[in-house]
Amino acid sequence: MLTIPKHFIDDIISHAKEAAPLECCGILAGKDGTVTDMYKMNNTENDPDKYLMDAKEQFAVVKDIRAKGIDMLAIYHSHPHSPARPSGIDTKLAFYPDAIYIIISLQDSEMPVIKGFLIRDGKVEETAIKIN
Amino acid sequence: MPVKVRIPTPLRRITANQGEVDAEGVTIGGLIEDLEKKYPGLKERLCDETGAIRRFVNIYINEEDIRFMQGKDTSVKDGDEISIIPAIAGGSEV
């Protein structure tokens, strides 16, 4: 199970709200299933229904994660106007079967919903996230 | 002389779990052909049916994105480090 310290959850929600009406995106990294590092990434898609991480920033994060000896545990992005579940395009473009895909829905902006999913070979499975 | 190619986690199933492999070639395209011989199935993950690098695959020579160089024709020299990084992308249902 993925464990995420509460302050990262607060930061993810803030990131999603700042980015709305566009989608936000980022990477969570850590060790043994516990998140220790959060990377807010730039979404290079100027389209409210898509996200694409800035490739250069992503490369820098890959190297930082390697240098720290931690692992990329999760990938998050927001759905400003739709539920917290992977869309068809999320499933099609899920290239990291070992990462947990976290989706933050701001459909009800007063009550953001955060869920985690494993997306493998086109199959989506919700997975529990522990917040502490 | 072989160059070092860094393989991302999602493609390590094809490279027997190795995060770093050696490949030979004078261009990125040549390296991909060499990698395909050693690790069958890898090319399909990197290139589409026309042989072009897939839109959601980023390849770097040292610090440079080959998309801003000569793509698959970009020359590779001894000591270069190649990194393959699948993009992270998606969206919401429209």
Side-chain angles (χ1 to χ4, degrees), chain A residues 21-23 25-27 39 41 43-45 47-63 65-66 71-99 101-107 117 119-121, chain B residues 3-21 28 32 35 39 41-49 52-72 74 76 80-94:
Chain A
L22 298 178
E23 299 191 5
C25 56
I27 290 174
Y39 301 90
M41 308 293 283
N43 172 8
T44 60
E45 292 277 11
D47 175 330
D49 300 311
K50 283 183 186 161
Y51 79 95
L52 173 63
M53 275 186 196
D54 182 298
K56 208 176 172 69
E57 273 183 27
Q58 189 192 338
F59 185 35
V61 167
V62 166
K63 286 187 284 189
I65 287 173
R66 189 164 62 221
D71 303 307
M72 181 172 84
L73 300 178
I75 292 162
Y76 72 84
H77 77 281
S78 60
H79 282 179
H81 309 291
S82 57
R85 62 167 179 260
S87 64
I89 189 169
D90 286 334
T91 307
K92 188 175 166 219
L93 299 180
F95 300 119
Y96 290 86
D98 298 322
Y101 283 81
I102 293 173
I103 300 179
I104 312 99
S105 169
L106 297 181
Q107 204 171 20
F117 302 89
I119 309 177
R120 291 175 173 160
D121 301 323
Chain B
V3 297
K4 191 165 74 175
V5 182
R6 287 193 182 272
I7 305 293
T9 324
L11 299 183
R12 288 182 197 167
R13 286 182 226 182
I14 303 172
T15 60
N17 262 332
Q18 299 174 87
E20 226 178 82
V21 299
I28 289 290
I32 292 174
L35 285 172
Y39 308 103
L42 195 58
K43 183 181 176 184
E44 190 203 352
R45 302 292 296 272
L46 307 179
C47 302
D48 65 19
E49 53 285 352
I53 307 278
R54 290 184 183 277
R55 182 182 166 211
F56 292 104
V57 173
N58 300 312
I59 299 180
Y60 294 85
I61 295 187
N62 305 318
E63 300 298 313
E64 298 299 320
D65 187 335
I66 62 160
R67 206 167 271 129
F68 303 113
M69 301 169 82
Q70 287 80 47
K72 270 178 89 175
T74 308
V76 178
D80 279 344
E81 185 178 286
I82 314 301
S83 303
I84 299 170
I85 305 188
I88 298 180
S92 14
E93 223 76 78
V94 188

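All chains are named by letter (A, B, ...) in the order of the sequence lines, taking the proteins before the strands, and each is independently numbered beginning at 1. Just so it is clear, the structure is predicted and the values come from calculations on it, not from any experiment.
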Between Gln58(A) (side chain only) and Ala87(B) (backbone N and O only), is there a donor and an acceptor less than 3.5 Å apart? no
Ignoring hydrogens and geometry, is there a side-chain-to-backbone donor-acceptor pair from Tyr96(A) to Pro86(B) under 3.5 Å? yes
Between Met72(A) and chain B, with a heavy-atom cut-off of 4.5 Å, which part of the residue counts as in contact: side chain, backbone, both or neither? side chain
Can you tell me which portion of Pro48(A) sits under 4.5 Å from chain B's heavy atoms? Options are side chain, backbone, both or neither. backbone
What option among Phe95(A), Tyr101(A), Phe59(A) has the most heavy-atom pairs under 4.5 Å with chain B? Phe59(A)
Where on Arg66(A) is there a heavy atom nearer than 4.5 Å to chain B: the side chain, the backbone, both, or neither? side chain
Within 6.0 angstrom of Lys72(B) NZ, more than 12 heavy atoms from elsewhere: yes
Here the gap from Ile75(A) atom CD1 to Ile88(B) atom CD1, rounded to the nearest 0.5 Å, amounts to 4.0 Å
Counting only heavy atoms closer than 4.5 Å, note whether Arg67(B) contacts chain A via side chain, backbone, both or neither. neither
What part of Ile27(A) lies closer than 4.5 angstrom to a heavy atom of chain B: side chain, backbone, both or neither? side chain
If you look at every heavy atom in Leu52(A) and Ala89(B), which pair is closest and at what distance? CD1-CB, 3.7 Å
4.5 Å side-chain heavy-atom contact, Ser83(B) and Lys63(A): no
Residues of residues 52-65 of chain B contacting chain A, heavy-atom criterion under 4.5 Å, by residue number: Arg55(B), Phe56(B), Asn58(B), Tyr60(B), Asn62(B), Glu63(B)
Residues, nucleotides or ligands: over 12 heavy atoms within 6.0 Å of Glu44(B) CD: no
When you measure from the side chain of Ser92(B) to the backbone of His79(A), do you find a donor-acceptor pair of N or O atoms at a distance under 3.5 Å? no
